[in-house]
Amino acid sequence: MKQLVILDPGLKELSGHHPASIEAIVNALDVSLDALNHPRISVYCHKEISTSYVEQKRQQGVEVNAHFSTEYYQYFYQSPTRQQLIHYTLNLASEYYQAILKAVENKDAGSTVIWCHTLGWQHAQALYLALSNAHQTVSTSKLRPYRVIVGLMYHPLSRLPKLEPEVITRKMHHELALKRLSSLSSVQLLAADFEIQDYYQRLLKRPIDIQPCLLLGQESKLQRQCWQHSKNQVLLFTGDAKPDKGFTQLPDLIRSVVPNCPEQQFIVQYTLTNQSSSLASIESQLKQLSNTYSNLTLVDRFLEHQELMTLFQTSETIVLNYDSETYQYQSSGVLWLAAFFDLKVITLTKNWLEREAKRLISEVTYCEKKTEIVTSITKKLSLYKNEKKFGNTGHYKKFLFAPLNSWLHSQFD
């Protein structure tokens with residue numbers, strides 16, 4: 001039987017794109033309905049994942065192994081010292097190595113594809129060390145061969161340090177890690193978005209394909225044509241309850257917009273895993289506001305795949321208020337879902353999301369003032385009509401929104 005092995009140390013809790021990606025992959029490869037024709041799915045995630053999640057996936061025909069101890073995002077918001085980087089890399093490399101060997105030692109597995117769909121430079125260094133050692137072990141032990149798909153999710157210019165020497169060091173880390181990893185014959189690099197693809201193609205001097213959007217599952221353009229948007233449903237927020245996604249600004253936004261748009265139904269969906277007092281205060285305000293305004297609905301939990309698809313399918317407009325600095329080069333699956341489902345996008349900041357929206361969406365509105373938001377929603381007056389898109393968007397969209405089902409099957413050909 002074919003085997004798809006997903007190595008995801010970042011899958012630790014039910015929040016964000018890590019569990020949402022697994023939901024979509026399971027949806028695309030519904031093993032429980034067609035186990036003979038679909039590859040077996042094995043997921044290696046963080047040890048702190050809940051036992052209920054492991055059992056839920058087992059019932060769907062997916063094997064979840066609580067394997068990793070390393071904190072995946074430990075140095076995502078800060079730069080490690082040289083000693084810290086060595087320690088972190090070696091620990092993660094050891095865990096990658098053990099997971100790879102366990103996967104290829106499976107006697108029942110046939111063709112094996114290992115997929116690391118979300119990688120930064122620290123993780124790329126660790127994976128290179130793990131694969132280098134695993135290749136030697138596999139060849140000497142006559143274990144089953146495998147190929148590795150690596151999704152490059154983070155742009156080298158994202159979250160750069162303030163000091164120039166640290167910037168140079170960061171770029172050097174990216175270059176060394178990816179050049180080493182790409183030198184392995186079993187590895188195929190894929191870029192998560194247009195700008196990452198452009199950067200790494202120039203850096204590595206080789207073509208790099210686009211990794212399909214991980215959130216769509218088996219959704220297709222043909223299916224999408226049968227869906228109907230609600231003419232008055234507006235998504236004010238969806239996803240992790242984080243300040244840099246605009247969560248802490250939601251109460252003020254709601255007070256300015258919701259009472260002035262009585263014909264619209266507003267949705268705020270969020271997952272709160274950080275129990276800080278500041279975020280708890282915001283959540284308390286949101287609950288009070290939902291009691292005040294009858295046209296405001298709160299959904300305070302993680303959405304299963306089909307629920308997430310329905311949320312976007314039934315919405316007409318989405319408002320994005322992502323931090324300009326944090327998301328200057330950082331991608332967002334929320335924007336991709338908005339583009340796939342043809343939502344009208346209103347952005348309150350200028351960053352990657354605005355640039356990507358111009359590449360993918362026909363109608364994008366940039367609002368500097370809250371009064372402009374109300375005008376845009378109620379009168380459907382675009383302050384920016386996207387007539388000229390950036391880059392080869394037709395080719396880009398084709399790969400980005402490729403049906404995950406057929407794409408995954410093609411990786412075993």
Side-chain angles (χ1 to χ4, degrees), residues 3-26 29 31 39-78 80 83-106 109 112-134 137 146 148-151 153-154 177 214 239-242 271-276 301-305:
Q3 178 181 217
L4 176 64
V5 179
I6 301 171
L7 304 184
D8 189 2
L11 177 55
K12 181 179 178 181
E13 55 196 9
L14 293 185
S15 176
H17 79 273
H18 291 277
S21 297
I22 299 300
E23 293 293 318
I25 293 167
V26 172
L29 300 177
V31 180
R40 166 186 174 181
I41 304 175
S42 297
V43 179
Y44 290 79
C45 62
H46 198 276
K47 287 183 176 179
E48 292 186 18
I49 197 69
S50 68
T51 55
S52 60
Y53 178 82
V54 175
E55 176 58 24
Q56 178 195 45
K57 289 293 161 277
R58 186 191 67 79
Q59 293 178 6
Q60 294 176 324
V62 178
E63 176 189 331
V64 176
N65 302 277
H67 173 79
F68 292 92
S69 299
T70 304
E71 291 297 326
Y72 200 64
Y73 291 105
Q74 184 171 349
Y75 295 114
F76 188 68
Y77 298 99
Q78 59 180 330
Q83 200 60 39
Q84 287 173 331
L85 178 60
I86 293 173
H87 180 74
Y88 179 88
T89 303
L90 291 178
N91 282 346
L92 184 56
S94 175
E95 293 179 337
Y96 272 136
Y97 173 77
Q98 294 166 15
I100 292 167
L101 286 193
K102 183 178 179 182
V104 298
E105 284 173 352
N106 182 2
T112 297
V113 172
I114 297 174
W115 191 10
C116 305
H117 59 69
T118 302
L119 237 70
W121 65 269
Q122 311 98 318
H123 320 119
Q125 285 191 355
L127 184 61
Y128 167 75
L129 293 175
L131 289 173
S132 298
N133 285 283
T137 304
Y146 55 88
V148 183
I149 302 173
V150 173
M153 180 70 71
Y154 302 111
L214 299 180
D240 293 338
K242 293 183 177 180
T271 308
L272 183 60
T273 56
N274 183 338
Q275 299 301 322
S276 69
R301 61 181 177 82
F302 178 77
L303 297 184
E304 299 295 331
H305 176 75

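Small disclaimer: the values here were computed from a predicted structure and weren't measured.
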Look at the side chain of [X] and the backbone N and O of [Y], then say whether any donor-acceptor pair between them is shorter than 3.5 Å.
X: Asn274; Y: Ser276; value: yes
X: Glu95; Y: Ser69; value: yes
X: Glu63; Y: Arg58; value: no
X: Ser94; Y: Leu90; value: no

I'd like to know whether Val113 forms a side-chain contact (heavy atoms from CB on, under 4.5 Å) with Val5, so could you lay out the CA-CA distance, the side-chain angles of the two residues, the decisive distance to 0.1 Å, and finally the verdict. CA-CA 6 Å; Val113 172; Val5 179; over 6 Å; no
Taking the six-membered ring for Trp, are His123 and Tyr72 parallel (under 30°), tilted (30 to 60°) or perpendicular (over 60°)?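 If you compare the ring of His123 with that of Tyr72, the planes turn out parallel.
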Indicate the ring-plane relationship of Tyr88 and Tyr75, choosing parallel, tilted or perpendicular according to the 30° and 60° boundaries.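 Rings of Tyr88 and Tyr75: perpendicular, as their planes differ by over 60°.
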Minimum heavy-atom separation for [X] and [Y], please, with both atom names.
X: Leu127; Y: Cys116; value: CD2-SG, 3.8 Å
X: Ala130; Y: Ala93; value: CB-O, 3.4 Å
X: Ala126; Y: Thr89; value: CB-O, 3.6 Å
X: Leu119; Y: Tyr154; value: O-CD1, 3.7 Å
X: Ala66; Y: Ile49; value: CB-CG2, 4.1 Å
X: Tyr146; Y: Val104; value: CD2-CG1, 3.3 Å

When rounded to the nearest 0.5 angstrom, what is the spacing between [atom1] in [X] and [atom2] in [Y]?
X: His17; Y: Ile22; atom1: NE2; atom2: CD1; result: 9.5 Å
X: Lys47; Y: Thr70; atom1: NZ; atom2: OG1; result: 9.5 Å
X: Tyr44; Y: Leu7; atom1: OH; atom2: CG; result: 8.0 Å
X: Arg40; Y: Gln3; atom1: CZ; atom2: CD; result: 5.5 Å
X: Asn133; Y: Leu101; atom1: CG; atom2: CG; result: 9.0 Å
X: Arg301; Y: Thr271; atom1: CZ; atom2: OG1; result: 9.5 Å

With sequence neighbours excluded, what pairs up with Phe302 under the ring-ring contact (aromatic ring centres under 6.0 Å, His included) test? none
Within the 4.5 Å heavy-atom criterion, are [X] and [Y] side-chain neighbours or not?
X: Asp8; Y: His117; answer: yes
X: Pro19; Y: Leu11; answer: yes
X: Leu85; Y: Gln125; answer: yes
X: Ile6; Y: Ile25; answer: yes
X: Leu4; Y: Ser42; answer: no
X: His67; Y: His46; answer: no

Counting the benzene-type ring for Trp, do Tyr96 and Phe68 have ring centres under 6.0 Å apart?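 Under 6.0 Å, so yes.
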Would Thr118 and His18 count as a side-chain contact (heavy atoms from CB on, under 4.5 Å) if you check the C-alpha gap in whole Å, the side-chain angles of each, and the deciding distance to 0.1 Å? CA-CA 8 Å; Thr118 302; His18 291 277; 4.2 Å; yes
Glu304/Glu23 under side-chain contact (heavy atoms from CB on, under 4.5 Å): CA gap, chis, key distance, verdict: CA-CA 7 Å; Glu304 299 295 331; Glu23 293 293 318; 2.9 Å; yes
As a quick check of understanding, evaluate side chain to side chain donor-acceptor pair (under 3.5 Å) for Ser15 and Asp240, giving each step before the final call. CA-CA 6 Å; Ser15 176; Asp240 293 338; 2.3 Å; yes
Run the side-chain hydrogen bond (donor to acceptor under 3.5 Å, both in side chains) test against Ser52 and tell me which residues pass, sequence neighbours left out.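 So Ser52 forms a side-chain hydrogen bond (donor to acceptor under 3.5 Å, both in side chains) with Ser50.
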Test side chain to side chain donor-acceptor pair (under 3.5 Å) applied to Glu55 and Gln59, step by step: CA-CA 6 Å; Glu55 176 58 24; Gln59 293 178 6; 3.1 Å; yes
Checking side-chain contact (heavy atoms from CB on, under 4.5 Å) for the pair Ile41/Leu29: CA distance, chi angles, key distance, verdict? CA-CA 9 Å; Ile41 304 175; Leu29 300 177; 4.1 Å; yes
